[in-house]
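To keep things clear, I will list the structure first and then write my remarks on it.
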Amino acid sequence: YIFIFILGIISYADSSIPKVEYKKVELNSLEDIERWKNSDELYVFSKINVDLSKLSSTQKKNVFIDILLPAIKVVNAEIENNREIVKTLSQKKNLSDEEKKYAESLFTKYRVNYGEWNTLLSRLITYPTSLILTQGALESGWGTSRFFKEGNNLFGIPAKGVRSNGFVPHLKKYDSVKSSVSDFVLNFSRNNTYKNLRELINEKHPPQVVAKGLVKYSEEGELYVKKVINTMNYNNFVEYDEYY
């Protein structure tokens, strides 16, 4: 296929459904980060061959952010792309077989009854970059956890259908950092537990307010929410909310 990029992200290929195209890149040195920062292409890191635990605190933080931002950018692009597709398809009287199949996949993915277009749109949220960075940092020890090193799992998401072996949890392995972020955001997008969080996002509240919708995310409850807000503010992560 020869892909034509619109604004650098959208490809139609042989399909009438636009798709976000990006490259998967192995991170083998810190120089790779700088090299890809100057690229015009969308990219995500698929394998992290740099041990962040050996870096200074400041360097570790900066590298962690540089690893996550490209993944967040692609996830946001995919969500926005799907929002535009849903808006378009919801206005059509008759869908092609391809369009109907894609629509059905989205309704299933987001756990919405087929045809409830507005509900589907309300679930296609763009989760704040500042919160992804904050929760990723807290739950992966700034990218030093074994589960992040071995399986790109930033948020401790468990593998389905796998029982724990004693006290050692079996966590999901991802093919890229982007896949981990995408799964993380999807949980908030379709789980009824986070209905209030979605409303706060759709009402365009600041991330410090959106964070209050995380009270049921952790057993720590309100303490976790305070930890997230304090960490986010201390590291000034809100400045990255305009990244995409």
Side-chain angles (χ1 to χ4, degrees), residues 7-9 20 22 25 27 30-45 48 50 52-53 55-81 83 124-145 148 152 154-155 176-189 194 196-215 217-218 223-244:
L7 298 180
I9 61 172
V20 176
Y22 60 91
V25 179
L27 179 59
L30 297 183
E31 287 73 23
D32 288 336
I33 291 177
E34 297 305 317
R35 187 178 302 117
W36 279 94
K37 267 187 178 181
N38 298 321
S39 173
D40 293 329
E41 298 179 87
L42 284 180
Y43 66 95
V44 300
F45 291 114
I48 313 299
V50 174
L52 274 67
S53 64
L55 305 178
S56 67
S57 296
T58 299
Q59 192 176 27
K60 177 169 59 181
K61 172 184 172 180
N62 292 335
V63 170
F64 179 79
I65 293 171
D66 287 337
I67 288 173
L68 257 69
L69 286 183
I72 295 170
K73 186 175 183 179
V74 172
V75 169
N76 287 346
E78 289 182 335
I79 293 170
E80 185 57 34
N81 185 46
R83 286 185 61 84
L124 285 163
I125 58 170
T126 300
Y127 196 64
T129 296
S130 53
L131 285 175
I132 296 175
L133 291 172
T134 302
Q135 291 178 264
L138 289 173
E139 296 179 38
S140 73
W142 296 92
T144 63
S145 70
F148 178 61
N152 291 315
L154 278 160
F155 308 98
S176 69
V177 176
K178 177 260 175 184
S179 295
S180 177
V181 173
S182 184
D183 223 9
F184 177 68
V185 173
L186 180 61
N187 180 44
F188 296 126
S189 301
Y194 304 110
N196 180 55
L197 180 143
R198 290 193 294 272
E199 290 175 350
L200 293 171
I201 291 175
N202 287 324
E203 291 169 2
K204 303 187 183 306
H205 287 282
Q208 291 89 344
V209 176
V210 173
K212 295 179 180 179
L214 294 170
V215 68
Y217 179 81
S218 166
L223 180 60
Y224 179 78
V225 172
K226 290 180 181 179
K227 190 184 299 183
V228 167
I229 294 174
N230 289 339
T231 302
M232 179 169 55
N233 289 339
Y234 179 81
N235 291 284
N236 196 27
F237 279 153
V238 176
E239 69 174 311
Y240 295 103
D241 284 327
E242 299 302 320
Y243 177 73
Y244 171 63

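Computed from a prediction, not measured in an experiment: that's the story for all the values here.
Once rounded to the nearest 0.5 Å, the distance linking CD of Glu34 with CG of Asn38 reads 7.5 Å. Atom CG of Leu186 and atom OH of Tyr127 lie 13.0 Å apart (nearest 0.5 Å). Atom CG of Leu133 and atom OG1 of Thr231 lie 12.0 Å apart (nearest 0.5 Å). Atoms CG and CG, from Leu30 and Leu52 in turn, are 8.0 Å apart once rounded to the nearest 0.5 Å. If you take CG on Asn202 and NZ on Lys204, they are separated by 7.5 Å, rounding to the nearest 0.5 Å.
In this structure, the side chain to side chain contact (heavy atoms under 4.5 Å, CB included) partners of Asn233, at least two apart in sequence or on a different chain, are Gln208, Ile229. Residues passing the side chain to side chain donor-acceptor pair (under 3.5 Å) test with Ser176 are Ser179, sequence neighbours excluded. For Ser145, the side chain to side chain contact (heavy atoms under 4.5 Å, CB included) criterion is met by Ser140, Phe147, Phe148, not counting sequence neighbours. Under the side chain to side chain contact (heavy atoms under 4.5 Å, CB included) criterion, Asn196 pairs with Glu199, Leu200, sequence neighbours left out. Every ring-ring contact (aromatic ring centres under 6.0 Å, His included) that Phe64 has, sequence neighbours left out, goes to Trp142. Here Ser53 pairs with Asp51, Thr144, Lys149 under the side chain to side chain contact (heavy atoms under 4.5 Å, CB included) rule; sequence neighbours left out. In terms of the side chain to side chain donor-acceptor pair (under 3.5 Å) criterion, residue partners of Ser130 (sequence neighbours excluded) are, by chain and number, Asp241. Checked against side chain to side chain donor-acceptor pair (under 3.5 Å), Arg83 has no partners two or more places apart in sequence or in another chain. Residues meeting the side chain to side chain donor-acceptor pair (under 3.5 Å) test with Tyr217, sequence neighbours left out: Glu139.
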message: Could you go through Ile65 and Phe237, starting from their C-alpha distance and side-chain angles, then the distance that decides it, and tell me whether this counts as side chain to side chain contact (heavy atoms under 4.5 Å, CB included)?
response: CA-CA 9 Å; Ile65 293 171; Phe237 279 153; 3.6 Å; yes
message: I'd like to know whether Leu42 forms a side chain to side chain contact (heavy atoms under 4.5 Å, CB included) with Val20, so could you lay out the CA-CA distance, the side-chain angles of the two residues, the decisive distance to 0.1 Å, and finally the verdict.
response: CA-CA 9 Å; Leu42 284 180; Val20 176; 3.9 Å; yes
task: Check step by step if side chain to side chain contact (heavy atoms under 4.5 Å, CB included) holds for Ile72 and Tyr240.
output: CA-CA 10 Å; Ile72 295 170; Tyr240 295 103; over 6 Å; no
message: For Phe184 and Gln135: C-alpha separation, side-chain torsions, deciding distance, then whether side chain to side chain contact (heavy atoms under 4.5 Å, CB included) applies.
response: CA-CA 10 Å; Phe184 177 68; Gln135 291 178 264; 3.5 Å; yes
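At least one side-chain heavy atom of Ile79 sits less than 4.5 Å from a side-chain heavy atom of Val185. By the 4.5 Å heavy-atom criterion applied to side chains, Ile201 and Pro128 are counted as neighbours. Between Thr129 and Asn76 the shortest side-chain heavy-atom distance falls below 4.5 Å. Using a 4.5 Å heavy-atom threshold, the side chains of Leu214 and Phe188 count as touching. With contacts defined as side-chain heavy-atom distances shorter than 4.5 Å, the pair Lys212/His205 does not qualify. Using a 4.5 Å heavy-atom cutoff, the side chains of Leu55 and Val63 are in contact. A heavy-atom distance below 4.5 Å is found between the side chains of Leu154 and Val181. With contacts defined as side-chain heavy-atom distances shorter than 4.5 Å, the pair Leu68/Ile132 qualifies.
Heavy atoms only, all atoms of each residue included: Pro70 and Val44 are closest at O-CG1, 4.1 Å. Contact between Pro207 and Val238 at its shortest, heavy atoms only, is CG-CG2, 3.9 Å. Ser180 and Asn152 get closest at one heavy-atom pair: CB-O, 3.0 Å. Shortest non-hydrogen contact noted between Ser189 and Ile125 is OG-CG1, 3.4 Å.
Proximity of a side-chain donor or acceptor of Asn187 to a complementary backbone N or O of Asp183 within less than 3.5 Å is not detected.
Checked against a 6.0 Å centroid threshold, the rings of Tyr43 and Tyr22 do not count as neighbours.
Pairs of residues two or more places apart, or lying in two chains, that qualify as salt bridge (charged side-chain N to carboxylate O under 4.0 Å, His left out) and include a residue from residues 58-68 are Lys37-Asp66.
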